[in-house]
Amino acid sequence: MPVKNQSIVSIERCARHGDLEAVRTALTHLLDRIGGIESIVSPGDRVLLKPNLILDRVYTTGVTTNPQVVFGMADLCRAAGAREVVVAEGSAVGADTGAVLRNLGFYELAEQHGCRIVNFHQDTYEHVVNPMGKNIKRIRMPRSWMEADVVINLPCMKTHDALGATLGLKNMKGVIHPQDKKRFHKWGLEQCIVDLSHLTLPELTVMDATIGLEGDGPVVGDPVNLGLLLASKDTVALDRICLEIMGFDRDEIGYVHLAAEAGLGRDDPADIVVTGASVADVKRPFRRMSLDQDKLSELDIRILPCDACSGCQNVISAYLNGRQADGTLEQLRGTTFVYGQNPHLPDGATGDIVRFGSCTRTMSTEGTYIPGCPPHPALINDTLNKIR
Ligand code: SF4
């Protein structure tokens with residue numbers, strides 16, 4: 001039994017994740033252990049559901065939220081008396097959110113379930129002050145998010161190139177203006193996720209772990225058929241339990257701990273009560289991103305981490321793996337990537353130098369500099385495509 005000052009995370013198995021009726025039943029059991037949907041949605045509420053629809057990849061790839069989870073939740077909200085249920089998303093920078101929603105069948109499903117779809121990128125944005133933010137004191141937020149009485153976050157469980165893992169806290173980044181998404185990399189991605197959470201902490205987070213994503217997430221990895229749903233009113237606690245299931249150590253994913261330190265939730269396992277299935281029963285370590293070192297040596301591509309945190313390390317790995325996958329890694333032959341908080345080059349370094357990440361800003365004027373903390377993938381492509 002939870003006691004005062006403890007958060008509850010509910011875990012439910014959901015093997016038949018393509019069957020709406022089975023998913024709705026699993027969601028009901030999942031939520032009943034944390035007070036039921038009626039403890040979150042009151043009659044007359046306007047509810048906003050925020051899935052992860054980063055690109056138009058079907059949920060069986062592990063990249064997007066299972067539509068059965070989204071519309072199963074919509075049905076439960078309506079049964080609890082919601083006046084309106086809005087399904088809202090702003091996809092990845094550069095992606096056409098309308099096309100993503102259309103290609104994944106969300107407009108059709110919304111009509112069937114009596115929901116309204118909102119494309120955040122076509123919404124009206126207004127500036128909101130964020131007095132608790134360290135790096136973000138003021139940010140544009142969409143009107144539909146501000147008008148919601150209840151926000152329910154519906155992320156999926158994935159590895160992530162810059163953060164190690166993307167879960168509940170990170171999913172709310174989809175709410176903000178595309179220009180601010182890019183700026184997060186300039187201002188420091190991890191702290192920005194925490195700052196944003198001061199504004200966007202949802203009333204409930206339901207993690208779609210029916211199919212997760214491992215390897216080079218958040219869009220390129222391999223699906224993991226987990227058949228699980230998790231829920232909590234404490235998104236930080238939920239993220240912590242998800243990380244345990246995925247096999248990440250507590251200090252491995254910095255922003256979840258930073259969020260707990262900022263008072264946004266609990267991340268000490270001693271303060272979290274798990275109900276339903278146990279973590280030990282459902283644990284399934286996720287494969288991390290890795291680099292083909294033999295291939296890099298063959299092409300004389302050197303990466304020099306100089307006290308780097310995982311942000312730049314992961315983003316470089318994702319970038320190089322992407323070039324290998326599309327057959328263009330050869331073009332980087334002889335390139336040295338230097339990054340980290342104490343950047344330096346070995347004596348006699350030759351070839352093209354890429355100074356990667358804001359930590360290398362003051363290093364020297366030598367080579368190509370890519371700013372960002374860590375750099376945004378679009379900026380890396382733009383910069384390196386010009387020289388290679
Ligand atoms: S720029 Fe520096 S602090 Fe930022 S992610 Fe890269 S190594 Fe870490």
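For ligands, and for the atoms within them, numbers begin at 1 and follow the listed sequence.
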Nearest protein heavy atom with distance in Å, relative to [atom]:
| atom | answer |
| --- | --- |
| atom 8 (Fe) of ligand 1 | C309 SG, 2.2 Å |
| atom 2 (Fe) of ligand 1 | C359 SG, 2.3 Å |
| atom 6 (Fe) of ligand 1 | C312 SG, 2.3 Å |

Do [Y] and [X] meet the salt-bridge criterion of a basic N to acidic O distance under 4.0 Å?
| X | Y | answer |
| --- | --- | --- |
| E203 | K233 | no |
| D180 | R183 | yes |
| R33 | E12 | yes |
| R266 | D268 | no |

Original post:
Applying a strict 4.0 Å limit to heavy atoms, is G372 in contact with ligand 1?
Top reply: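 Flag set, G372 near ligand 1.
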**OP:** For residues P218 and I54, determine if any side-chain heavy atom of one lies less than 4.5 Å from a side-chain heavy atom of the other.
**Re:**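 They are in side-chain contact.
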**OP:** Answer yes or no as to whether an N/O/S atom of C373 is found below 2.8 Å from atom 2 (Fe) of ligand 1.
**Re:**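 Looking at C373, which is the residue asked about, there is no N, O or S atom under 2.8 Å from atom 2 (Fe) of ligand 1.
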Subject >> Sub-4.0 Å atoms of ligand 1 with respect to non-hydrogen atoms of Q341 >> reply: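 Reading through ligand 1 atom by atom, the close ones are 3 (S).
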Subject >> For S358, the ligand 1 atoms whose distance to one of its heavy atoms is below 4.0 Å >> reply: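 Ligand 1 atoms under the 4.0 Å threshold to S358: 1 (S).
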Original post:
Is the NZ or CZ atom of R288 positioned over F248's six-membered ring, under 6.0 angstrom from the centre and within 45° of the axis?
Top reply: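 Yes, a cation-pi geometry holds between R288 and F248.
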